[in-house]
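Data first, discussion second: the structure below is written as structure tokens.
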Amino acid sequence: MTDERILLSPPDVDERDRAALLAAFDSGWIAPVGPDVAGFEADVAQRLGPGWHAAALSSGTAGLHLALRLLGVGSGDEVLVATLTFAATANAVRYVGATPVLVDADPETWQIDPDLVAEAVESRVRAGRPPAAVIAVDLYGQCADYDRLTAVCKPHGIPVIEDAAEALGATYKGRPAGALGDVGVLSFNGNKIITTSGGGMLVADDADLVGRAR
């Protein structure tokens with residue numbers, strides 16, 4: 001019996017990547033920053049649209065952690081998190097001392113179910129303890145239903161963090177993944193759409209917020 005695993009996203013690298021890697025090596029700009037990193041940030045921000053800004057990070061998990069901190073999420077708070085995701089999504093909530101509340105996926109789309117998010121939000125609003133944030137995960141290149149999520153969260157001032165680690169290049173109603181929530185997070189790990197072997201990025205249409213992330 002042969003091993004016929006379907007990889008999430010096998011690395012796609014060629015001679016151009018090798019040349020760019022060697023050019024960075026020869027230039028002396030190995031870490032932590034440099035013109036290639038600044039250029040990469042600018043390219044991603046341009047891809048997301050006018051007014052968007054990006055900060056390169058060590059990982060997508062770091063982006064989630066920073067997003068929660070920047071939004072003021074902390075001890076005693078609850079954050080609604082999709083059940084169908086990598087552990088890092090919920091782990092980042094624990095890093096800031098908050099409690100992840102798992103919300104199940106829509107069986108048709110595999111994305112966080114907006115109806116269940118609405119139920120979780122409304123029950124907590126009635127109890128006087130609305131969630132501090134919602135983290136939606138764009139799984140396998142498909143985006144969550146951000147129109148419905150925003151309609152549920154915005155009236156209560158609940159920010160939506162978009163974990164777009166697996167969806168760079170995807171779109172939702174013509175809008176690019178990463179630019180659909182209040183803050184977006186991308187990943188460039190070895191199994192992602194674009195890989196730099198590791199690394200991630202925090203994106204937002206708020207220059208001050210991205211500046212604080214830096």
Side-chain angles (χ1 to χ4, degrees), residues 8-9 32 37 40-41 44-45 48 52-105 110-112 117 120-121 130-144 146 149-150 153 158-170 172 176-206 208-214:
L8 176 63
S9 181
V37 175
F40 189 29
E41 291 174 336
V44 170
L48 297 181
W52 280 80
H53 305 270
L57 305 168
S58 60
S59 66
T61 304
L64 292 168
H65 187 185
L66 268 177
L68 290 163
R69 290 197 60 184
L70 290 166
L71 293 171
V73 180
S75 180
D77 289 330
E78 291 185 333
V79 177
L80 306 187
V81 177
T83 53
L84 192 54
T85 182
F86 181 58
T89 311
N91 287 347
V93 178
R94 296 298 302 140
Y95 294 163
V96 297
T99 300
V101 176
L102 299 179
V103 178
D104 213 346
W110 296 7
Q111 315 304 308
I112 194 168
V117 170
V121 166
V134 172
I135 303 179
V137 181
D138 300 335
L139 194 68
Y140 302 135
Q142 179 167 312
C143 298
Y146 286 94
L149 291 174
T150 300
C153 296
I158 302 168
V160 176
I161 298 171
E162 181 186 5
D163 182 344
E166 294 183 6
L168 182 61
Y172 170 82
L180 302 170
D182 295 284
V183 183
V185 176
L186 305 172
S187 173
F188 309 111
N189 200 5
N191 64 344
K192 297 304 189 294
I193 307 300
I194 294 175
T195 180
T196 56
S197 181
M201 200 168 280
L202 181 143
V203 298
D205 61 353
D206 183 332
D208 291 337
L209 186 142
V210 174
R212 286 173 58 207
R214 293 187 190 283

Results of side chain to side chain donor-acceptor pair (under 3.5 Å) for Asp104 - residues two or more places apart only
Thr83
Residues at least two apart in sequence or cross-chain that pass side chain to side chain donor-acceptor pair (under 3.5 Å) with Arg69, listed by chain then number, are none
Side chain to side chain, Val103 and Val81, heavy atoms closer than 4.5 Å:
no
Taking only residues two or more places apart in sequence, or in another chain, which ones meet Thr85 in a side-chain contact (heavy atoms from CB on, under 4.5 Å)?
Thr89, Val137, Asp163
Begin with the C-alpha distance, continue with both residues' side-chain angles, and end with the deciding distance and a verdict on side chain to side chain contact (heavy atoms under 4.5 Å, CB included) for Glu162 and Tyr146.
CA-CA 9 Å; Glu162 181 186 5; Tyr146 286 94; 2.9 Å; yes
Between CG on residue Leu186 and CD1 on residue Ile194, distance to nearest 0.5 Å
9.0 Å
Work out which heavy atom in Phe188 is nearest to a heavy atom in Met201; give both atom names and the distance.
CE1-CB, 3.8 Å
Consider side-chain contact (heavy atoms from CB on, under 4.5 Å). Of Val183, Leu80, Ile161, Val185, which one does Ile135 pass it with?
Ile161
Going through the checks in order, is the side chain to side chain contact (heavy atoms under 4.5 Å, CB included) test met by Val203 and Val44?
CA-CA 9 Å; Val203 298; Val44 170; 4.3 Å; yes
Of all pairs that satisfy salt bridge (Lys or Arg N to Asp or Glu O under 4.0 Å), the ones with a partner from residues 130-144, not counting sequence neighbours:
none
If the condition is side chain to side chain donor-acceptor pair (under 3.5 Å), which residues does Thr61 pass it with, not counting sequence neighbours?
none
Taken in chain and number order and not counting sequence neighbours, the residues that satisfy side chain to side chain donor-acceptor pair (under 3.5 Å) with Gln111 are none
Pairs flagged by salt bridge (Lys or Arg N to Asp or Glu O under 4.0 Å) wherever residues 72-90 is involved - sequence neighbours left out:
Glu78-Arg124
Minimum heavy-atom distance between Trp52 and Ala45, given as atom pair plus value:
O-CB, 3.3 Å
Got a sec, which pairs hit side-chain hydrogen bond (donor to acceptor under 3.5 Å, both in side chains) with one end in residues 180-189, sequence neighbours left out?
none
For Ala88 and Leu64, work out which heavy atoms get closest and say how close.
O-CD1, 4.0 Å
Phe40 CZ: over 12 foreign heavy atoms closer than 6.0 Å
yes
Grab the two heavy atoms, one from Ala144 and one from Ile112, that are nearest each other, plus how far apart they are.
CB-CG2, 4.3 Å
What one should report as the nearest heavy-atom pair of Ala98 and Val73 is CB-CG1, 3.9 Å
Can you run down the side-chain hydrogen bond (donor to acceptor under 3.5 Å, both in side chains) pairs that involve residues 90-102, sequence neighbours left out, and say none if there aren't any?
none
Closest approach of Leu48 and Ala177, non-hydrogen atoms and distance?
CD2-O, 3.4 Å
Apply side chain to side chain contact (heavy atoms under 4.5 Å, CB included) to residues Trp110 and Leu84 and explain how you reach the verdict.
CA-CA 7 Å; Trp110 296 7; Leu84 192 54; 3.8 Å; yes
Using the side-chain contact (heavy atoms from CB on, under 4.5 Å) criterion, which residues pair with Leu66? Sequence neighbours excluded.
Leu57, Leu202, Ala213
Gap separating the CD atom of Glu166 from the SG atom of Cys143, nearest 0.5 angstrom:
11.5 Å
Walk me through it: do Val79 and Val101 pass the test side chain to side chain contact (heavy atoms under 4.5 Å, CB included)?
CA-CA 6 Å; Val79 177; Val101 176; over 6 Å; no
